[in-house]
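Reviewing the structure listed below.
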Amino acid sequence: SKGSDPEDPDGDGNDVLAITDGNAKQADALIPDVTNPYLQSFVLDLDAGRGELILSFDETVDAESVVIQGITLQSDENNATDVVPITGGTILSEDSTIINIKLIDTDLHEIKRRLDLATDENNTCITIDDSSVSDMAQSPNTVLETALCNVSFTEDRVQPKLNTFLININTSTLILNFDEPIDLDS
């Protein structure tokens, strides 16, 4: 079949001419990458205290270019009632189409504190501004500004843990300190 023989890849019967080391051919033209990367989907994983945000782009992006503060989680795509700007985290990925971010506890707690944010796929959306990520081009292209609702969501199924408690007999007060925000009505 045409193209299946490595000695005759185009199937026309002509031999492939090798270009030896030191005799490279210069390109007639170079068309630079001018296409902005695009956020295709994301995953918010709140289970087991992971607090990971996984961003999937349509092309390889520069992990060192990620500006976490340009990312916001919100309850809907447009007129969000609950909004949590991401203030920090750790990039766990190398340059790739997939960037994993470990959220800082402050942001993770703020997300969990909101009763109308990140409790299911219907109220888990992200915005990313156009200066938050760049691709690998020699003259980097920045990500297209995006508002996107969740494609994949892993809810928080880990029970809060009581860290400390304090009883004041004189004031009849009990103070409980948990490792994450809790619903006072529960």
Name the atoms and distances for all side-chain donor-acceptor pairs under 3.5 Å in residues 86-94, with sequence neighbours left out.
unit_1, atom_1, unit_2, atom_2, d
T87, OG1, D107, OD1, 2.7
T87, OG1, D107, OD2, 3.2
S93, OG, N100, N, 2.6

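Checked by atom type and distance alone, the side chain of N177 never pairs as donor or acceptor with a backbone atom of T164 at under 3.5 Å. No side-chain donor-acceptor contact under 3.5 Å links D105 to the backbone of L108. Between the side chain of H109 and the backbone N or O of I104 there is no donor-acceptor pair closer than 3.5 Å. Side-chain atoms of D95 come within 3.5 Å of backbone atoms of A63 as a donor-acceptor pair (strictly under, hydrogens ignored).
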Let's go through I111 and L103 carefully: what are the C-alpha distance in whole Å and the side-chain angles of both, what is the deciding distance for side-chain contact (heavy atoms from CB on, under 4.5 Å) to 0.1 Å, and is it a yes or a no?
CA-CA 10 Å; I111 294 165; L103 300 174; 3.8 Å; yes
Set out, in order, the CA-CA distance, both residues' side-chain angles and the distance that settles side-chain contact (heavy atoms from CB on, under 4.5 Å) for I71 and L53, then state yes or no.
CA-CA 10 Å; I71 301 169; L53 184 59; 3.9 Å; yes
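The side-chain contact (heavy atoms from CB on, under 4.5 Å) with V61 is formed by just one residue from the set S134, S132, S96, P37; it is P37. For the side-chain contact (heavy atoms from CB on, under 4.5 Å) with T146, the lone residue among D130, V133, I128 that qualifies is I128. Each of D82, T81, D116 was compared with S75 under the side-chain hydrogen bond (donor to acceptor under 3.5 Å, both in side chains) criterion, and only T81 meets it. Between D135 and the options T35, N36, N141, a side-chain hydrogen bond (donor to acceptor under 3.5 Å, both in side chains) holds for only N141.
Put simply, CG on L148 and OG on S56 are 10.0 Å apart, with the number rounded to the nearest 0.5 Å. Interatomic distance, CG of D58 versus OG1 of T97, reported as 9.0 Å (0.5 Å rounding). To the nearest 0.5 Å, atom CD of residue Q74 and atom OG1 of residue T124 are 11.0 Å apart. Atom OG1 of T142 sits about 7.5 Å away from atom CG of L144, to the nearest 0.5 Å. F42 CZ to I101 CD1: the interatomic distance, rounded to the nearest 0.5 Å, is 11.5 Å. Residue E110 holds its CD atom at 4.5 Å from CZ of R114, rounded to the nearest 0.5 Å.
By the criterion of side-chain heavy atoms lying less than 4.5 angstrom apart, applied directly or through intervening Ile, Leu, Val, Met, Phe, Trp or Tyr residues, L44 is grouped together with I68 in one hydrophobic cluster.
For the residue pair E77 and C125, the shortest heavy atom distance occurs at N-SG, 3.6 Å.
A search for side chain to side chain contact (heavy atoms under 4.5 Å, CB included) contacts involving T171 returns N168, T173, not counting sequence neighbours. Remark: L176 pairs with L162, F165, L174, F178 by the side chain to side chain contact (heavy atoms under 4.5 Å, CB included) rule, at least two apart or across chains.
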